[in-house]
Each structure stands twice: as C-alpha cells, then as structure tokens.
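Below is one structure, written out as structure tokens; the observations come after it.
Per chain, numbering begins at 1; letters A, B, ... match sequence-line order. Note that the structure is predicted; figures quoted are calculated from it, not measured.
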Amino acid sequence: MTVSRKKAIELLEDEAGDVTRLFEKPVGQWKLALRRFRGRRSGMTGLFIVVGLILVALFAPLIAPYEPNEILIGVEDVGRRDPPCIHVLGCPDETPQHIMGIDGNVRDVFSRIVYGSRVSLTLGFFTVTLALVVGSTIGAISGYAGGWIDNILMRIMDVILGFPSLLLAIAIVAVLGPGLRNALLAIAIVTLPGYARVMRAQVLAIKENDYVTASRALGSSTREILLKRIIPNALTPLVVLATLGVATAILEAAGLSFLGLGAQPPDAEWGSMLARERNQVFTSPHLVFFPGIAIMLTVLGFNLMGDGMRDALDPTLNR
Amino acid sequence: MISYITRRTLLAIPVLIGIVVVVFLLVRAIPGDPCTAILGEQATEAACERFNEANGLNESLPIQLAVYIKNVFTFNLGDSISFSRPVTQMLIERLPLTAELALSALFLAVVVGVPLGILAARRHNSVVDTATMAFANVGVSMPVFWLGLMLAYLFALVLRDTPFVLPPSGRLSPGVFPMAYYDVWGWELTEGSTWAKFNEYLANHFILNSLVTGQWDVFWDAVKHMILPAVALATIPLSIIARITRSSLLEVMGKDYIRTARAKGASEGSVVRGHALRNSMLAVVTIIGLQLGALLGGAILTETVFNLAGVGRSLFEAITARDYAVVQGFTVVIAGIYVVVNLLVDLSYAYLDPRIRLE
C-alpha cells in the first residue's frame with residue numbers, strides 16, 4: 001500500500017504527538033469526565049435542551065410576542081380558547097398568528113409557556129440548592145459523628161422516606177398554605193433524605209483515609225476537617241443527584257400546581273396552566289397539550305444531562 | 001434467616017410510630033380549626049365548644065396523641081368529621097379502588113418493563129436498545145396527569161367510533177352493578193361484624209369480585225375503565241424498571257462466571273435464563289418495591305384526572321376540608337402499606353442473595 005507523502009507526514013506527526021503526550025501534564029479527573037461526557041449522545045442532548053431552556057428563560061421578553069398576562073380582548077380579533085393558528089401551516093393571513101392558541105382568559109399560550117420556563121427553572125434550582133445544602137449537612141454530621149447522633153438523624157430521614165413523597169409534600173403545603181414558595185419548601189423537605197444518605201455514605205468512606213487522619217494529627221478542628229478535607233472529596237455523586245433532582249423537583253412542583261397547591265393564578269406556571277384548563281381537554285386539547293410538552297421537555301433535559309454526568313463521573317465505568 | 005426477619009421487622013416499628021406521630025402533628029399544624037371548616041357560618045363559640053367536646057379536640061395534644069396511637073393499634077381510626085362516618089368504613093369503600101389501580105399499574109410496569117429491559121440488554125447498542133432507552137427516558141419525564149388527560153382525549157374522543165374507545169372517567173358505566181361474591185354464593189354474614197366488613201372490603205375489588213363470580217359484563221366494564229388510569233400510572237415505573245433491568249443484566253453479563261458458562265458450551269438462552277437473570281433481578285426487585293411509593297403518590301393525581309373516588313383523591317379532599325380523622329387514618333394506612341412493602345422487598349432481597357442474611 002502506497003501512502004502519499006502528505007499522509008505519511010501526518011501519520012508521523014500523530015505518532016510524535018502520542019509520544020510527547022506522555023510528557024504532558026496528567027489529565028485531571030474533571031477533564032477526563034468532561035471528555036467522557038462529550039462522547040455521550042444522550043448526555044449532550046440533555047445539555048442542549050437545558051442550555052436552550054436557560055436561554056429561553058433569560059430572553060423571554062424577546063421571544064414571547066405578548067406579555068404573559070396580557071388579555072387580548074379588544075386588542076386583536078381572537079376569541080376564548082381559539083386553537084393554534086400558524087400562518088405557514090395554512091392558517092389564513094387575516095387571522096392573527098398564535099402558534100399555541102389562546103387560553104380561557106384570552107391570553108397567548110405561547111407567551112405564557114415561554115415565561116413559564118422562568119418559573120420552572122428558578123423553582124428547580126432553588127429547591128435543589130436548599131435540599132442539597134441542608135441534606136448534605138445532615139449527612140455529613142451523621143456520617144462524621146456516628147453513634148446516637150447518626151442514629152437519630154437517620155431515623156428521622158427514614159420517617160420522611162416512609163411516606164410517598166407527593167403525599168408528604170401535599171400535607172406540608174396544607175400546613176404552610178398553598179403557593180409556589182411553600183411548594184418549593186415542601187419538595188425540598190421530602191427530597192432531603194436522598195442527599196443526606198449519599199453524603200453520609202461518602203463521609204463514612206472518606207473519613208477512613210490517611211489524609212484525614214493526617215489532618216487530624218496536625219491539629220485541625222472537626223469543622224476544618226469536614227469542610228476542607230471530606231466534603232470537597234464527597235461532592236461528585238451529589239452533583240449528579242442534584243442534576244437529576246432538578247427534574248424530580250420540576251415534576252413534583254407541576255403535580256402540586258395541578259392540584260392547586262403550587263403556583264396561583266395568574267402566574268404563568270405550566271402545571272397550573274394545565275390544571276385550569278383540564279376540563280376543556282375534549283374541546284380545546286391544545287391548552288393541555290402544550291404545557292405538558294413543556295414540562296416533559298424540561299424534565300427530559302435534566303434527566304438526560306444527569307445520566308450523562310453520572311456515566312462520565314463514575315470511574316468504574318471507565319471502558 | 002429467621003433472625004434476619006425478626007431484626008428487620010423490629011426496625012420497621014419505630015419508623016411506623018414515627019409516621020403516626022408526624023401525621024398527627026402535621027394535621028394539627030394545618031391552619032384553621034376543623035370547627036370553622038365543617039360548621040362554616042354556624043361556627044359560633046358555643047357551637048364550636050360542643051363540637052370540640054364531641055370530637056375529643058378539647059384534650060391537650062399529648063393526650064390526643066396517646067389516645068390516637070392506642071386507637072390505631074386497635075384498628076379504630078375514628079369518625080370522619082365531614083362525612084359523619086367511621087374512617088374504617090370509608091377505607092373499606094375506597095381502598096380497593098386504589099389497590100386495584102396501583103396493582104394493575106405495577107403489573108403492567110413489570111410485565112412490559114422487564115422483558116423490554118432484557119430485550120434491550122440482549123441487543124445491546126442495537127436499534128432496539130436505542131429505541132427502548134429513548135422510550136424509557138421520555139416515559140420517566142412525563143407528568144402523570146398530563147399523560148392521563150391526553151390518553152382520555154385520544155381514547156374517549158378521537159377514537160370514539162372505533163372498537164378502541166375507552167371510558168375517560170369513573171369506575172363502572174352507569175347501570176352496571178356488581179353483585180358481591182358472598183351474595184352470589186348465598187353466604188350468611190352477620191351485619192356489622194368484622195368478618196362481614198372484611199368480606200365487604202374484598203368484594204369492593206370489582207375486577208377481582210366479578211372475575212371469581214363470573215359476572216363477565218361487569219368484569220369487562222371494570223377492566224375497560226381501569227385501562228387508561230393504569231397505563232397513565234404505569235408509565236414512569238415501567239420506564240424505570242426497563243432501565244434498571246437492562247443495566248443490571250448488562251452488568252451481570254460482563255461477569256467471569258458468564259464467560260465460564262459460555263466456555264462450557266451452554267447456549268446463549270440458557271446462559272441468560274440460568275445464570276444471568278436471577279442475579280440481575282436483585283436490583284429489579286428493589287426498584288419494584290420502591291416504585292410502590294411513587295404509585296401511591298401518582299394515584300392521587302391519576303384519581304383526580306379520571307374522577308375516581310379512591311384513597312388518594314379522598315385524602316387530598318380531606319386535607320382541604322381539615323378532616324383530621326380521615327387524613328390521619330388514610331395516611332397512616334398508606335404509609336403502613338409502604339413500610340410493609342419495603343420490608344417484604346428487603347426480605348426477598350435476602351432470599352435472592354444469601355450474603356445479605358449474614359451481615
């Protein structure tokens with residue numbers, strides 16, 4: 001087989017590259033993980049969906065043709081619950097274009113869906129941050145202290161896990177009163193045990209390491225050992241759990257809103273948009289269809305991204 | 001094995017007591033008192049005084065709690081304030097619906113999910129695998145209530161003139177009445193006895209009741225009403241079960257003893273059936289148990305969408321109405337079922353994997 005001169009040089013260069021690579025700085029675990037993550041189609045799909053949603057939420061006023069709560073009676077020639085009208089798909093030019101139709105209060109559904117991304121993303125982010133911070137603190141204390149403190153904290157977590165999560169969330173919202181902020185708190189509480197348990201398991205494994213003993217021998221305080229030695233090394237699985245947790249939080253919040261316990265009208269929130277029009281599903285299915293698709297797409301994005309991250313960060317899957 | 005069962009069972013008791021206490025306190029913490037919630041306009045001070053006296057709400061909290069715990073363990077769950085009926089009677093009427101719904105959904109999820117997972121694992125990285133996993137990823141991301149409404153729209157409206165039409169709400173069509181098996185078989189039951197109540201509870205499982213007594217018209221009607229809610233409720237667990245089956249089977253198939261089995265000349269089918277499946281089922285059994293909690297939570301949403309008077313829906317309404325006894329009773333029963341199922345999962349885990357018993 002003859003190889004062209006140019007190709008031969010390229011091959012040689014590649015080989016040289018391989019050799020010189022041996023003398024390069026070793027690649028860190030995060031860089032390796034990033035490389036693995038980029039190689040996975042589903043993880044990248046998730047990342048694209050999530051980034052796309054963040055962009056939609058950030059630039060909502062530029063994307064949405066109307067204000068989310070703008071009532072179009074007298075503004076345009078549209079009626080209550082008009083079906084979608086898309087000009088390129090054959091809707092007559094004289095009818096105003098509303099690609100997802102009009103809702104029961106004569107508002108543009110597409111604009112409300114676009115603004116709804118802000119509500120869902122904010123809610124997902126804050127719920128998970130709260131659950132992550134409180135849950136992993138409980139887990140870290142439990143795992144590091146051991147003994148009766150560990151026992152009490154973990155039994156409390158068991159009781160929370162003893163309830164179906166939506167049921168407990170409903171009860172908590174009933175106590176605190178309906179509304180988005182209380183729904184957020186309730187979901188954070190019912191998802192606490194997951195973070196606490198994972199953090200505890202991590203701490204139990206890490207605290208036996210020599211570098212922790214060394215740190216203690218050097219006279220570090222418990223606080224210092226936990227914050228500087230143990231927690232930074234325990235974070236990897238929690239990052240994955242948190243990403244998947246955003247998906248769960250958004251889904252549960254939509255469920256609470258559907259039952260009338262989350263977002264209150266006139267907030268443009270997907271779950272409550274769907275709930276308000278659910279009895280119209282046989283006459284105006286578009287009012288139920290689009291908010292559901294929005295929820296599904298968001299949850300799917302975070303699920304795929306979380307799965308991709310788990311595969312990328314798990315060194316045992318190094319094949 | 002026996003010491004493992006005892007140890008594991010004893011561990012469940014503090015959790016159960018914790019649940020009873022948490023429910024009790026949560027219900028008491030709901031703002032607004034039951035008197036104003038029930039009596040409304042007529043809630044004068046004197047009327048409320050009598051109301052609280054009659055319902056034992058004048059006692060201090062610890063005493064109310066002690067009375068309540070005693071009652072729970074003697075199966076006396078009190079009376080519903082808004083329906084003026086014993087909570088046990090309401091459970092007899094409403095729990096069977098939720099049980100049938102959750103079990104049908106779980107059945108669907110296992111019967112479809114496990115084979116799908118096995119198929120995806122056997123054809124790893126093929127089109128079948130990719131399609132199954134894409135389906136599972138979408139399935140796990142769908143809101144139950146949205147899927148329910150869309151299924152109702154599709155099967156009750158779009159397909160209404162085809163043989164595939166299915167009812168969008170309710171448990172039976174109007175005019176269809178199931179006859180309890182004890183009436184069919186002419187049993188003599190004493191009105192109000194525990195045995196009669198137990199039989200009434202069993203007979204309220206319409207699908208089961210009409211199946212054993214051969215009332216086929218009732219059976220088909222009940223099954224038809226159950227399909228859409230069960231499919232909606234099953235989607236998430238089905239997807240999760242398919243994923244876990246696939247990944248756990250793939251992991252086992254990479255083990256040395258599988259290579260040994262192949263090396264000794266065993267056929268691919270007998271390698272999978274004889275060596276891989278049982279070992280990969282450990283993870284699947286755990287997940288199936290854990291899904292029950294999700295099913296009971298999802299039942300609240302599914303029952304709302306399909307207008308079914310089950311435990312989930314009633315519980316939600318009782319919370320809004322501050323019906324203490326119903327909220328407490330139903331929650332304790334649901335959480336109790338959940339704890340028992342998790343216990344059974346742990347025990348079956350120990351049965352499947354002898355190493356666990358020895359820990």
Side-chain angles (χ1 to χ4, degrees), chain A residues 41-42 45-46 155-156 158-178 190 247 250-252 254-256 258-261 270-271 274-275 277-283 285 288-289 291-304 307 316 319, chain B residues 11-12 14-19 21-23 25-31 130 133-134 137-138 140-147 149-150 152-154 156-158 168 236 243 254 292-301 304-305 312 315-316 319-320 322 327 330-331 334-336 338-339 342:
Chain A
R41 233 182 321 158
S42 58
T45 315
R155 288 302 83 74
I156 295 175
D158 280 353
V159 170
I160 298 182
L161 280 177
F163 290 95
S165 64
L166 185 66
L167 187 67
L168 186 58
I170 290 175
I172 295 173
V173 176
V175 172
L176 301 173
V190 301
I250 291 177
L251 209 52
E252 296 235 335
L256 286 177
F258 179 74
L259 293 170
L261 297 171
W270 298 332
L274 205 156
E277 304 288 356
R278 79 180 182 90
N279 291 328
Q280 269 66 46
V281 66
F282 294 119
T283 47
V288 171
F289 181 75
I293 291 287
I295 299 171
M296 193 174 83
L297 201 63
T298 313
V299 175
L300 182 67
F302 281 102
N303 271 335
L304 288 177
D307 284 347
T316 60
R319 28 182 148 127
Chain B
L11 267 178
V15 174
L16 268 177
I17 294 179
I19 287 171
V21 174
V22 167
V23 170
L25 293 177
L26 263 182
V27 172
R28 293 300 181 287
I30 297 176
T130 317
M133 285 308 108
N137 272 321
V138 173
V140 85
S141 310
M142 260 191 250
V144 180
F145 47 92
W146 177 76
L147 181 63
L149 286 168
M150 285 292 115
Y153 173 70
L154 183 64
L157 191 81
V158 178
I236 291 183
R243 276 164 61 161
L292 202 91
L295 281 176
L296 291 171
I300 300 176
L301 295 167
T304 307
V305 168
L315 191 54
F316 174 63
I319 290 177
T320 338
R322 286 169 193 73
V327 178
F330 280 31
T331 316
I334 290 183
Y338 192 41
V339 170
N342 277 331

Please walk me through it: do Leu259(A) and Phe316(B) pass side chain to side chain contact (heavy atoms under 4.5 Å, CB included)? CA-CA 9 Å; Leu259(A) 293 170; Phe316(B) 174 63; 3.8 Å; yes

What verdict does the side chain to side chain contact (heavy atoms under 4.5 Å, CB included) test give for Leu168(A) and Leu26(B), after you've listed the backbone C-alpha separation in whole Å, the side-chain angles of each residue and the deciding distance to 0.1 Å? CA-CA 10 Å; Leu168(A) 186 58; Leu26(B) 263 182; 3.8 Å; yes

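- Both the backbone and the side chain of Asp158(A) have a heavy atom closer than 4.5 Å to some heavy atom of chain B.
- Interface remark: Leu261(A) contributes side-chain atoms only to the contact with chain B (heavy atom separation under 4.5 Å).
- Proximity to chain A (any heavy atom under 4.5 Å) is shown, for Val138(B), by both the backbone and the side chain.
- The shortest heavy-atom contact between Asn137(B) and Leu304(A) is ND2-CD2, 3.4 Å.
- Heavy atoms closer than 4.5 Å to chain A are found nowhere in Val158(B), neither backbone nor side chain.
- Contacts with chain A were tallied for Val22(B), Ile19(B), Val144(B), Val327(B); Ile19(B) has the most, counting heavy-atom pairs under 4.5 Å.
- Rounded to the nearest 0.5 angstrom, Asp307(A) CG and Arg243(B) CZ are separated by 4.5 Å.
- Residue contact with chain B, scored on non-hydrogen atoms closer than 4.5 Å, involves the backbone and the side chain of Ala174(A) alike.
- Heavy atoms of Leu295(B) lying under 4.5 Å from chain A are absent altogether.
- Of the two parts of Val305(B), the backbone and the side chain both hold a non-hydrogen atom closer than 4.5 Å to a non-hydrogen atom of chain A.
- Taking CE of Met142(B) as the start and CD1 of Ile293(A) as the end, the distance is 8.5 Å to the nearest 0.5 Å.
- Nearest approach of Met296(A) to Trp146(B), heavy atoms of both residues: SD-CZ3, 4.0 Å.
- Closest approach of Phe282(A) to Tyr153(B), counting heavy atoms only: CE2-CA, 3.8 Å.
- Under the 30°/60° scheme for interplanar angles, the aromatic rings of Phe145(B) and Phe258(A) are found to lie parallel.
- Your options are Val21(B), Thr331(B), Leu157(B), and the one with the most heavy-atom pairs under 4.5 Å with chain A is Leu157(B).
- Each of Ile160(A), Ile156(A), Leu167(A) has some count of heavy-atom pairs under 4.5 Å with chain B, and the biggest count is that of Leu167(A).
- Between Val281(A) and Leu149(B), the closest heavy-atom pair is CG2-O, 3.8 Å.
- Of the candidates Val339(B), Ile334(B), Val23(B), Phe163(A) forms a side chain to side chain contact (heavy atoms under 4.5 Å, CB included) with just one, namely Val23(B).
- Contact of the Ile170(A) side chain with the Leu315(B) side chain is not registered, since no non-hydrogen atoms from C-beta on lie closer than 4.5 Å.
- Minimum heavy-atom separation, Pro143(B) to Ile295(A): CG-CG2, 3.6 Å.
- Within a 6.0 Å sphere centred on CZ of Arg155(A), heavy atoms belonging to other residues, nucleotides or ligands number more than 12.
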